[in-house]
Amino acid sequence: MREAGRVSAKVLREVGARVAPGVSTLELDRFAEALIRLEGGIPAFKGYGGFPGSICASRNNEIVHGIPSATVILQEGDILSIDTGAIVDGWVGDNAWTYAVGAVSAEKQRLLEVAEKCMWAGLDAARVGNRLMDIGARVQKIAESAGFGVVREYVGHGIGRSMHEDPNVPNYGRPRTGIKLEAGMVFAIEPMINAGSHETRQMSDGWLVVTADGSASAHFEKTVAITEDGPLILTTEEGHERPV
């Protein structure tokens with residue numbers, strides 16, 4: 001899973017570096033697929049449940065599962081969530097980041113900062129002896145203290161040989177409840193934080209999910225293993241690690 005995570009992290013970083021005004025989300029998707037294959041992986045998203053892309057590209061009020069398109073052209077002031085992953089030797093890596101497109105509003109910048117903070121807090125809670133809902137409780141406390149909404153319908157998940165495995169990992173909940181966390185468990189922890197209400201709306205394509213009130217949304221995700229020595233982030237590259 002380290003290798004699947006390395007490829008996933010490299011692709012996300014390299015795609016993120018290409019986020020700029022005038023770029024289409026389809027261009028980013030094509031680059032991502034080519035790099036995943038060049039690194040010896042298989043795009044984890046492409047064909048998953050019929051999804052057509054190698055990345056999910058979700059802009060502004062779009063929360064998750066945006067289909068890359070030649071007609072979606074990034075504009076100055078947008079924010080863009082990129083979610084992607086790779087399969088290497090049958091193991092899956094999954095990660096996401098929300099990028100500013102040029103200069104963004106103060107509200108969007110604050111949303112990005114709080115949502116990223118939520119992710120790191122959730123990762124830090126992935127420790128032996130904690131309970132599953134300790135992860136979401138930490139995310140929820142930070143987000144709601146900032147006046148933001150935490151998406152309920154879409155959650156993190158176990159991950160390994162398959163993209164989505166048990167258990168679900170909500171981004172909200174009551175601390176000290178849920179299953180006890182044990183060494184060897186691996187989760188994709190992925191807060192989805194809205195600038196307004198937590199409520200969502202499914203679009204007619206069957207994939208894209210947007211905020212019900214039109215507010216902006218940010219999404220951050222890493223794959224993490226629970227070890228006796230603490231959380232071990234698997235979607236990372238040498239030289240780009242950040243301790244939890």
Side-chain angles (χ1 to χ4, degrees), residues 1 5 8-9 12-13 16 58 63-64 79 81-83 85 93-100 106-159 164 167-198 200 211 215-237 240-244:
M1 291 198 74
S8 300
L12 183 62
R13 179 177 58 82
S58 308
I63 301 170
V64 285
I79 58 174
S81 162
I82 297 173
D83 190 352
D94 186 11
N95 54 183
W97 203 266
T98 302
Y99 297 92
E107 179 190 43
K108 284 182 175 176
Q109 184 59 45
R110 180 167 170 264
L111 175 65
L112 295 180
E113 291 170 1
V114 170
E116 182 184 350
K117 184 178 179 182
C118 285
M119 180 194 69
W120 289 112
L123 291 165
D124 184 64
R127 295 179 181 274
V128 172
N130 279 354
R131 297 278 180 173
L132 182 69
M133 301 306 284
D134 289 333
I135 295 171
R138 290 201 192 178
V139 170
Q140 183 177 16
K141 182 177 181 180
I142 292 170
E144 293 182 350
S145 294
F148 296 147
V150 179
V151 171
R152 302 314 202 250
E153 294 90 343
Y154 302 89
V155 296
H157 49 90
I159 184 170
H164 294 102
N168 285 338
V169 185
N171 295 302
Y172 60 93
R174 192 159 51 91
R176 307 310 301 164
T177 63
I179 63 171
K180 185 176 285 188
L181 303 184
E182 299 177 0
M185 292 178 172
V186 183
F187 299 145
I189 293 176
E190 52 176 324
M192 289 152 268
I193 309 299
N194 298 343
S197 165
H198 68 82
T200 68
T211 58
S215 63
S217 186
H219 175 209
F220 290 84
E221 175 186 25
K222 287 185 180 291
T223 299
V224 60
I226 297 174
T227 79
E228 295 290 355
D229 297 323
L232 176 64
I233 295 172
L234 298 176
T235 45
T236 191
E237 302 172 82
H240 294 272
E241 302 91 342
R242 170 173 167 166
V244 178

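Everything numeric in this text was worked out from a predicted model, so none of it was measured. Count residues from 1 along the sequence.
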Closest non-hydrogen atom pair, [X] against [Y]:
X	Y	result
Glu182	Val128	C-CG2, 4.3 Å
Gln140	Gly173	OE1-N, 3.0 Å
Ile63	Ser81	O-OG, 4.3 Å
Gly122	Ile135	O-CG2, 3.7 Å
Val114	Ala143	CG1-CA, 4.2 Å
Pro231	Ala126	CG-O, 3.5 Å

My understanding is that only one of Leu111, Leu112, Asn171 makes a side-chain contact (heavy atoms from CB on, under 4.5 Å) with Ile193; could you say which?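 Only one option passes, and that is Leu111.
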Does any N or O in the side chain of Arg110 come within less than 3.5 Å of the main-chain N or O of Ala146, such that one atom is a donor and the other an acceptor?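 Checking the backbone N and O of Ala146 against the side chain of Arg110, a donor-acceptor pair under 3.5 Å is found.
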Taking Arg131 for its side chain and Ile179 for its backbone only, find out whether a donor-acceptor pair lies under 3.5 Å.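 No.
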For the pair Asn194 and Ser215, evaluate side chain to side chain donor-acceptor pair (under 3.5 Å) and give the outcome as yes or no after the intermediate values. CA-CA 7 Å; Asn194 298 343; Ser215 63; 5.3 Å; no
Determine, step by step, whether Val186 and Thr223 satisfy the side-chain contact (heavy atoms from CB on, under 4.5 Å) criterion, reporting the C-alpha distance in whole Å, the side-chain angles of both residues, the deciding distance to 0.1 Å, and the verdict. CA-CA 7 Å; Val186 183; Thr223 299; 3.7 Å; yes
Is any side-chain heavy atom of [X] closer than 4.5 Å to a side-chain heavy atom of [Y]?
X	Y	result
Arg152	Thr200	no
Asn130	Arg176	yes
Leu123	Lys222	yes
Ile233	Thr235	yes
Val151	His198	no
Ile189	Glu221	no
Leu132	Phe187	yes
His157	Asp94	yes

Measuring from [X]:[atom1] to [Y]:[atom2], what's the distance to the nearest 0.5 Å?
X	Y	atom1	atom2	answer
Arg127	Asp229	CZ	CG	10.5 Å
Phe148	Ser197	CZ	OG	13.5 Å
Ser8	Leu234	OG	CG	10.0 Å
Met192	Cys118	CE	SG	11.5 Å
His219	Met119	NE2	CE	10.0 Å
Thr98	Ile79	OG1	CD1	6.0 Å

side-chain contact (heavy atoms from CB on, under 4.5 Å) for Tyr154 and Asn168? Distances and angles first, verdict last. CA-CA 9 Å; Tyr154 302 89; Asn168 285 338; over 6 Å; no
Test Val155 against Val169 for side-chain contact (heavy atoms from CB on, under 4.5 Å), laying out the working first. CA-CA 6 Å; Val155 296; Val169 185; 5.7 Å; no
With a 6.0 Å cut-off (strictly less than), is the heavy-atom count around CD of Glu153, excluding the residue itself, greater than 12?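 Result for CD/Glu153: enclosed.
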